[in-house]
Engineer: 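Once you've had a glance at the structure underneath, I'll fire off some questions.
All heavy atoms count here, side chains included; hydrogens, waters and symmetry mates do not. Chain A is the first sequence line, chain B the second, and so forth, proteins listed ahead of strands; every chain is numbered from 1.
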Number of protein chains: 2
Amino acid sequence: MEKISETYDTCPSEALNVSAISQSVAHQLRRAHGQFIQRFLHYFSVVNLRPTEYSVLAMIAENPGRKQSEIAAVLGIQRANFVSLMNDLEERCLTERRNVPNDRRSHALYLTPSGESLLNEARRAEADFEADCLERLGGMRARDQFLALLARLFG
Amino acid sequence: MEKISETYDTCPSEALNVSAISQSVAHQLRRAHGQFIQRFLHYFSVVNLRPTEYSVLAMIAENPGRKQSEIAAVLGIQRANFVSLMNDLEERCLTERRNVPNDRRSHALYLTPSGESLLNEARRAEADFEADCLERLGGMRARDQFLALLARLFG
DNA sequence: TATTGTTATACTCTATAACTATA
DNA sequence: TATAGTTATAGAGTATAACAATA
């Protein structure tokens, strides 16, 4: 309960004026991203995966044997930053790097059995997360519309 | 131009399968945020402001004299992280912290004249950025719809 | 020469805990 | 006791430059 006083010397604790930025796509996207991360981590806490890590596992599962740089590129992650990400997933025994027969520069990426197993758990978390989004948005039509608008903006 | 070869030993460089995550709100939001930051920095390079810094300046301009913690809270930034942000803006002579008469714990935030002046430039950058968004989204109706859906998701 | 993976580095943003001085 | 600002620390994410091995 907030304390109400009759007189103010300097700083009345009224609601702040947010009109200038509340209509701003930039500001709302900044705020939304913070919320998104928190909510994602909540749903994915059981598998202990960050958004990026989940995308990597899902992408490797759909495209086993692809090169690091291919997976990185399609996810919009730079090669240099992808290395420590893969090191981490490999240390957790979720993925492995195999040699490519005719190109000794490349590493082909695969999920390990426990990587597959964790991904299955993660997919259930993802389904819950998506169901949450669906409910907040108000149905599949709104969800598709949102994704379509997001794609127009940043696709 | 991509090189096309007739035979593959191991790794045909075909398009990757992205079907599993392309329908995912989580994945699309992750990608969108990266694009958003880059595009924002492009438009705001003339004033050298990050999304967070712009929001802070705009919020102080609309609510001069408010306490650090009030501005931080309304922007969803933690007090602890807000300190270095304000230190930075103050070093750039864009904002100032003044004492509050009846509460020696608090700092009241104000824009300096050069802060006001930079904010005016930033508002032009923001207008350009928003115009870009508007065009990509396909008009004000789509823009309002997008903001409404974003608010449903994370408001 | 170009590509693949890698290392190193730096900066932004976020999260948490704890301190200080005030209230 | 609670609040405002602060300090310190840690981790994710991103950006850039450069290097070795290989193509």
Engineer: Looking at C:dA15, I'd like to know if its phosphate oxygens (OP1 or OP2) sit under 4.0 Å from a side-chain N or O belonging to B:Gln78.
Structural biologist: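 Checking C:dA15 against B:Gln78, a side-chain N or O does come within under 4.0 Å of OP1 or OP2.
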Engineer: Could you go step by step and tell me if A:Asn87 and A:Arg97 meet the side-chain hydrogen bond (donor to acceptor under 3.5 Å, both in side chains) rule?
Structural biologist: CA-CA 10 Å; A:Asn87 288 345; A:Arg97 289 181 256 219; 2.2 Å; yes
Engineer: Of all nucleotides in DNA chain D that come within under 4.0 Å of a heavy atom of chain B, which is furthest toward the 5' end and which toward the 3' end?
Structural biologist: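 Here the contact window of chain B covers D:dT3 to D:dA15.
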Engineer: Between A:His33 (NE2) and C:dC13 (C1'), how many Å, whole number?
Structural biologist: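 One finds 10 Å between C1' of C:dC13 and NE2 of A:His33, rounded.
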Engineer: Does any residue of residues 79-95 of chain B have a heavy atom under 4.0 Å from DNA chain D, and if so, which ones, in number order?
Structural biologist: B:Arg79, B:Ala80, B:Val83
Engineer: Taking only residues two or more places apart in sequence, or in another chain, which ones meet B:Ser45 in a side-chain hydrogen bond (donor to acceptor under 3.5 Å, both in side chains)?
Structural biologist: none
Engineer: B:Glu130: which residues meet the salt bridge (charged side-chain N to carboxylate O under 4.0 Å, His left out) condition with it, sequence neighbours left out?
Structural biologist: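 Salt bridge (charged side-chain N to carboxylate O under 4.0 Å, His left out) list for B:Glu130, sorted by chain: empty.
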Engineer: Linking Ile, Leu, Val, Met, Phe, Trp and Tyr through side-chain heavy atoms less than 4.5 Å apart, which residues share a cluster with A:Met140?
Structural biologist: A:Leu134
Engineer: For A:Ile71 and C:dT4, what is the distance between atoms CD1 and P respectively, to the nearest whole Å?
Structural biologist: 13 Å
Engineer: Without decimals, in angstroms, what is the distance between B:Phe36 CZ and C:dC13 P?
Structural biologist: 10 Å
Engineer: Quick check on A:Glu116: does its CD atom have over 12 non-hydrogen neighbours (other residues, nucleotides or ligands) under 6.0 Å away?
Structural biologist: yes
Engineer: Does the pair B:Arg98/B:Glu96 count as a salt bridge with the N-to-O cut at 4.0 Å?
Structural biologist: yes
Engineer: Expressed in angstrom and rounded to an integer, what is the separation of B:Asn102 atom CG from C:dA21 atom C1'?
Structural biologist: 16 Å
Engineer: Measure the distance from CG on A:Leu109 to C1' on C:dT4 and round it to the nearest whole Å.
Structural biologist: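 Nearest whole value for this atom pair: 12 Å.
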Engineer: With nearest nucleotides of DNA chain D determined for A:Arg105 and A:Gly76 from heavy-atom distances, which residue corresponds to the more 5′ nucleotide?
Structural biologist: A:Gly76
Engineer: May I ask you to verify if any side-chain N or O of A:Gln68 is less than 4.0 angstrom from the OP1 or OP2 atom of C:dT6?
Structural biologist: yes
Engineer: How long is the line joining CG of B:Leu75 and P of C:dT12, in whole Å?
Structural biologist: 18 Å
Engineer: Figure out the CD1/P separation between A:Ile77 and C:dG5, and round it to whole Å.
Structural biologist: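 Value for this atom pair: 14 Å.
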Engineer: May I have all residue pairs that pass ring-ring contact (aromatic ring centres under 6.0 Å, His included) and include part of residues 135-155 of chain B, sequence neighbours excluded?
Structural biologist: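 Sorted result for residues 135-155 of chain B: A:Phe146-B:Phe146.
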Engineer: Just wondering, do B:Ile60 and B:Arg66 contact through their side chains at under 4.5 Å, heavy atoms?
Structural biologist: no
Engineer: Using the side-chain hydrogen bond (donor to acceptor under 3.5 Å, both in side chains) criterion, which residues pair with B:Asn17? Sequence neighbours excluded.
Structural biologist: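 Partners of B:Asn17 under the side-chain hydrogen bond (donor to acceptor under 3.5 Å, both in side chains) test: A:Glu62, B:Ser19.
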Engineer: Which residues, if any, of residues 45-64 of chain A bring a heavy atom under 4.0 Å of DNA chain D?
Structural biologist: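 Residues of residues 45-64 of chain A under 4.0 Å from DNA chain D: A:Arg50, A:Thr52.
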Engineer: Would you please name every residue forming a side-chain contact (heavy atoms from CB on, under 4.5 Å) with B:Arg79, sequence neighbours left out?
Structural biologist: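 B:Arg79 satisfies side-chain contact (heavy atoms from CB on, under 4.5 Å) with B:Ser69 once adjacent residues are dropped.
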Engineer: Taking side-chain hydrogen bond (donor to acceptor under 3.5 Å, both in side chains) as the cut-off, I'd like each qualifying pair that reaches into residues 136-150 of chain B, sequence neighbours left out, listed once.
Structural biologist: B:Asp132-B:Arg136
Engineer: Between the opening five pairs and the closing five pairs of the helix from C:dT1-D:dA23 to C:dA23-D:dT1, how far apart are the helix axes, to 10°?
Structural biologist: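 For the helix from C:dT1-D:dA23 to C:dA23-D:dT1, the axes at opposite ends meet at about 10°.
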Engineer: Find the distance B:Asn99:CG to C:dT22:P and express it as a whole number of Å.
Structural biologist: 11 Å
Engineer: Keeping to residues at least two apart or across chains, list the ring-ring contact (aromatic ring centres under 6.0 Å, His included) pairs with something in residues 46-97 of chain B.
Structural biologist: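 Of all non-adjacent pairs touching residues 46-97 of chain B, those that pass ring-ring contact (aromatic ring centres under 6.0 Å, His included) are B:Phe44-B:Tyr54.
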Engineer: Is there a side-chain contact between B:Leu153 and A:Gln35, using heavy atoms and a 4.5 Å cut-off?
Structural biologist: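 A side-chain contact under 4.5 Å is absent here.
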